[in-house]
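Note on naming: letters A, B, ... go to the chains in the order of the sequence lines (proteins, then strands), and numbering restarts at 1 for each one.
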Amino acid sequence: MSKPTLAKGYEPWDVEDKWETHWEKEKTFTPDADADGDPYSIVIPPPNVTGVLHMGHALNLTLQDILCRFHRQQGRNVLWVPGTDHAGIATQNVVERQLKEEGKTRDDLGREAFVERVWQWKQEKGDHILNQIRRMGASVDWTREAFTFDDQRAKAVREVFVKLFEDGLIYKGDYIINWCNRCHTALADDEVEHENKPGNLWHIKYPLADGSGELIVATTRPETMLGDTAIAVNPEDDRFSHLIGKKAILPLVGRELTIIGDTYVDVEFGTGCLKVTPAHDMNDWELGRKHDLEVLAVFDDAGYVNENAPEKYQGVYKDDARGVIVKDLEAEGFLVEVADHEHSVGVCYRCKSVIEPHVSTQWFVSMKPLAEKARAAVPDKTQIHPEHWTKTYYNWLDEIRDWCISRQIWWGHRIPAWTCEDCGELIVSIDDPTKCTCGSANLVQDEDVLDTWFSSALWPFSTLGWPDDTKELAKYYPTSCLVTGFDILFFWVARMMMMGLQFMDEVPFHDVYIHALVRDEKGKKMSKSTGNVIDPLDMIEKYGADALRFTLTSFAAMGRDIKLSEQRIEGYKHFMNKIWNAARFSLMNLPETIPAVDLNDCEGLANKWILSRLEEVKQTAKEATEAYRFNEIAQSLYKFVWSEFCDWYLEMVKPALYGEDEAAKAQTQKVLWTVLSEVLVLLHPVTPFITQEIWSVLPRPEGDDRSEDIATLPFPDMRPGLCDKEAEARMELFMGVVSGVRNIRTELVIEPAKKLDLLVKTASETDRELLEGNLNLIQSLARLENVTLGPDVEGPKASGSTVVQGNEIYVPLEGVVDFESELARLDKNIAKIEKTKGGVAKKLSNPGFLNNAPAEVVEKEKEKLAEMDEDLAKLNELKERLSSIMG
RNA sequence: GGGCGGUUAGCUCAGUUGGGAGAGCAUCGGCCUUACAAGCCGAGGGUCGCAGGUUCGAGCCCUGCACCGCCCA
């Protein structure tokens, strides 16, 4: 039989596929809701079924997975619920585009057939994104997968709708809403994006009805004048206040408009006169309500001028109407001026076409009462991290307006409301009604469907089986943490808070972690049209999921943007390879059964040092994860593995591993195995695949019957007894001496292979003992022949030299050394210390510092100064010795 | 107009109670030293955006300003 070995380089491809399949098949991440263990639960932000995995998802999934895997290690009963979102408008658009290619429209199919067609599409393409989640290594419970539009979620939606209606929190009515002509539906306020676009400000003359003069109004949308029902001026504006109550004539139409006074009018803007079109402008709508103005819609659902306008303009599309009207105004002498003006235009967040404010019958949720509770729950019951997002959350809730939840599309939860054709009664019911109270069976269901976010708002409890009384709900609600990007703080997070509080009487999650958005290396939003998308799946193909995950984790601390470039991922792929090779080396040097040695009895500087550092890195990783400092997890592990474990420890233990001293060998094998196996567990939440693969081939001590599945292992126990500050301090000296020699070698351009001698005039007996005890290591790491140590050692004048913590280092270089270079080198070191010393000396000469600073700080500064003085004196001495032989 | 965030090495960014400015990448020089050239060893590089203030002491706290970005109106 042969010991397991690893390939020379890490090849993620087969490894990832293998473990992904294993985990899902073995239901490794399916928790038992009846089992003990404090629950830890997360619901996934459900990606759109239309979507493909992008970097934002990749980051989002990575962070959640770190939390879930970490808390499993902590012994929690962890549930991570996966699922997708039916994305009403987006999905309907996709299928409509498909139909268009076949030369058909949704109306050709009819509602039922169309919805059937969308389901079919979802079946074929919609699960694509779920497979991409698998590729990321997300430790979700696939047995509890949910969809915002499946039967269980539909049940929840109906229940909520009916209850809110019965409580008077849902109402139906005619209001102005954001209308997308292209998607042919209403949108909620926050589904409208605002873009600044260059445009014009048209100044138009409105004659006064009594012929006494005229008013000039300024507008960015002259075509809406057809629907004007008033003119507004500021009552504090001396130019116009006397006109309030008088009438003006609407050009081209001839209608009389009342001139109203309202302080809303900005005296500075335009001409100070505002035309009021309540049917086609949000602000005008508000003015209209306040002043009881007529609401006259002049555009229909599709954006064409309707019968409320003069016949001449009827049937003209709104964009074309502008040109026609401006031309007529000009011809009739009403157009005074056309100025350039940049203004904010609302566009549909789904299709980017311009939004038309539009009056129509819609369903609304009354937000104020819900928002109050949601606001009060933060930060007492739910904490938002980073904390500064709390204010944004408050601002939004404070300015909240009622939520338009009806959509004029077909793909979505149909509103459970019926109208009796005979008596006009409105019936809202969980079960489809068959009869009206009047006895009529002539019931017609509302045509509209609900905003997708309505069902998303229920996600934290609907996914756990609500409204049924499930054990999942009892065990896992409220969830522990919600991880999401700030772009849906309003759309989603705030609404979940409202619904959770309303229906569960408890917040949906204890913590909200808001992460950055991923952008390209220039800070631009990744988009297909710009062509700057870095596809996570491409990156996984090229570098492996672990490298991608580690990259995203190490960047997770950044503010609002993560600027990602492929180069970075490649860099962390190198780290994966480093881990792999460290494991490969270990496997080559570990026996089939790890020796039973007590770690407390392990001797040797390297062993004591690395065990001490291991304790620290365990502590750091734990604290960083608990505090959501993801970058710190990555950074501390990176540094430990690469700069300490690989660069120093593995090099230092080679002699022991190769040597004849069986006791030292066994101890070292035990320590090597301990550090490697524990660091694998620490890395596992971030890089699950590579750690799993290595763990599965790593030998064990006798009696270690832990699972081969690293995902199920507990977080390593702390061993406070192994913290050894003394070993760390001694290691610092050791590394200083080795680095000092290496530095001399390189800077004096001595060939690396040449064996040199070393003499050290030691500063103390403990330092001498340390160096003496590790002579062979110093020799091998610094490539030395003879080493002489002692308090009275004197090196030859023709040496490369330096001082390390008071120890004078001499590398004799008779015939080799270039004195000029060595002199320059010494000068450089002296200058460096002088510079630092300057700052410290200045501090210590300041009476204010001596009097006010804590005694320990003063003491520390004094020690520093003394050390630097000592080193400087020695360096200057070395310099003089050298100068003396240079003549 | 209101709010939020950013400004630290050539690039991307860390820097958690204020106490000797860091990392990765890039650059330069030298190495195939039997885990790893996806690597090893070494080096250079910063008046921490500007101006004030608090303090014995400020990258960090306060005020103002500039520029960049995002959100809301």
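Regarding contacts with the backbone of B:C36, every side-chain N or O of A:K578 stays at 4.0 angstrom or more from both OP1 and OP2. Side-chain N/O atoms of A:H574 include one lying less than 4.0 angstrom from OP1 or OP2 on B:G39. Considering only side-chain N and O atoms, A:R568 lies nowhere under 4.0 angstrom from the phosphate OP1 or OP2 of B:C25. The phosphate of B:C13 has OP1 or OP2 within less than 4.0 Å of a side-chain N or O from A:K563. Contact between the side-chain N/O atoms of A:Y658 and the OP1/OP2 oxygens of B:A35 is found at a separation under 4.0 Å. At least one side-chain nitrogen or oxygen of A:K8 sits closer than 4.0 Å to the OP1 or OP2 atom of B:A37. OP1 or OP2 of B:A35 has not a single side-chain nitrogen or oxygen of A:S586 nearer than 4.0 Å. In terms of phosphate contacts, A:N852 brings a side-chain nitrogen or oxygen within less than 4.0 Å of OP1 or OP2 of B:C56. Taking 4.0 angstrom as the limit, A:K639 places none of its side-chain polar atoms (N or O) nearer than this to OP1 or OP2 of B:G22. Look at A:W642 and you'll find a side-chain N or O under 4.0 angstrom from OP1 or OP2 of B:C40. Applying the 4.0 Å criterion to OP1 and OP2 of B:A43, one finds that A:N743 has a side-chain N or O inside that range.
When heavy atoms are screened at a 4.0 angstrom cut-off, A:K835 is found touching no nucleic acid atom at all. Using a 4.0 Å heavy-atom distance criterion, A:F575 is classed as making no nucleic acid contact. Within the nucleic acid shown, A:N851 has no heavy atom closer than 4.0 Å to any nucleic acid atom. Residue contacts for A:L650: at a heavy-atom cut-off of 4.0 Å it reaches a base atom on one of the strands shown. When heavy atoms are screened at a 4.0 angstrom cut-off, A:E632 is found touching base atoms of the nucleic acid. Among the atoms of the strands shown, none is found under 4.0 Å from any heavy atom of A:S780. Heavy atoms of A:E570 sit nowhere under 4.0 angstrom from any nucleic acid atom. When heavy atoms are screened at a 4.0 angstrom cut-off, A:E651 is found touching base atoms of the nucleic acid. Residue A:R745 is out of contact with every strand shown, counting any heavy-atom pair closer than 4.0 Å. Note on A:P847: nothing from the nucleic acid sits closer than 4.0 angstrom, heavy atoms only.
The NZ-P distance, from A:K654 to B:U34, rounds to 8 Å in whole Å. Distance, A:K391 NZ to B:C70 P: 21 Å, rounded to whole Å. Atom-to-atom, NZ of A:K843 to P of B:G18 comes out at 14 Å; the value is rounded to the nearest Å. Atom P of nucleotide B:C31 and atom CG of A:D647 are separated by 20 Å, given to the nearest angstrom. Remark: P of B:G24 and CG of A:L552 are 19 Å apart, rounded to the nearest angstrom. Atom CZ in A:F486 sits about 10 Å away from atom C1' in B:C4, given to the nearest Å. The nearest whole Å value for the distance from the CG atom in A:L6 to the C1' atom in B:A38 is 16 Å. Atom CG of A:D281 and atom P of B:A73 are 13 Å apart (whole Å).
With a cut-off of 3.5 Å on both Watson-Crick or G-U wobble distances, the partner of B:G18 is given as none. Here B:C4 sits opposite B:G69 as a Watson-Crick or G-U wobble pair (both hydrogen-bonding atom distances under 3.5 Å). Across the strands present, B:C11 finds its partner in B:G24; the criterion is a Watson-Crick or G-U wobble pair with both atom distances under 3.5 angstrom. Using the Watson-Crick or G-U wobble rule with both distances under 3.5 Å, B:G52 pairs with B:C62. Under the Watson-Crick or G-U wobble criterion, with both distances below 3.5 Å, B:C40 is paired with B:G30.
Relative to the ring axis of A:W648, A:R742 places its NZ or CZ within 45° and under 6.0 Å from the centre. Remark: A:R375 is not positioned above the aromatic ring of A:Y393, lacking an NZ or CZ atom under 6.0 angstrom from the ring centre and at most 45 degrees off the axis.
Comparing the C1' positions of B:A23 and B:G46 gives an interatomic distance of 14 Å, to the nearest angstrom. A gap of 38 Å separates the P atoms of B:C56 and B:G24, to the nearest Å. Rounded to whole Å, the C1' atom of B:G49 lies 15 Å from the corresponding atom of B:G5. A gap of 14 Å separates the C1' atoms of B:A9 and B:A43, to the nearest Å.
The aromatic ring centroids of A:H385 and A:Y513 lie 6.0 Å or more from each other. Between A:Y638 and A:Y572, a ring centre-to-centre spacing shorter than 6.0 Å is recorded. Taking the six-membered ring for Trp, A:Y10 and A:F689 have ring centres at least 6.0 Å apart.
A:N743 contributes no side-chain N or O that, together with a main-chain N or O of A:S739, makes up a donor-acceptor pair within less than 3.5 Å.
Distances from the side chain of A:M868 to the nucleotides B:A43, B:A35, B:G20 place B:G20 closest.
Looking at which nucleotide of RNA chain B each of A:S739 and A:F490 is closest to, the 5′-most match is held by A:S739.
With values rounded to the nearest 0.5 angstrom, A:R783 atom CZ is found 13.5 Å from A:I750 atom CD1.
Counting heavy-atom neighbours within 6.0 Å of A:D14 CG, excluding the residue itself, gives a total of 12 or less.
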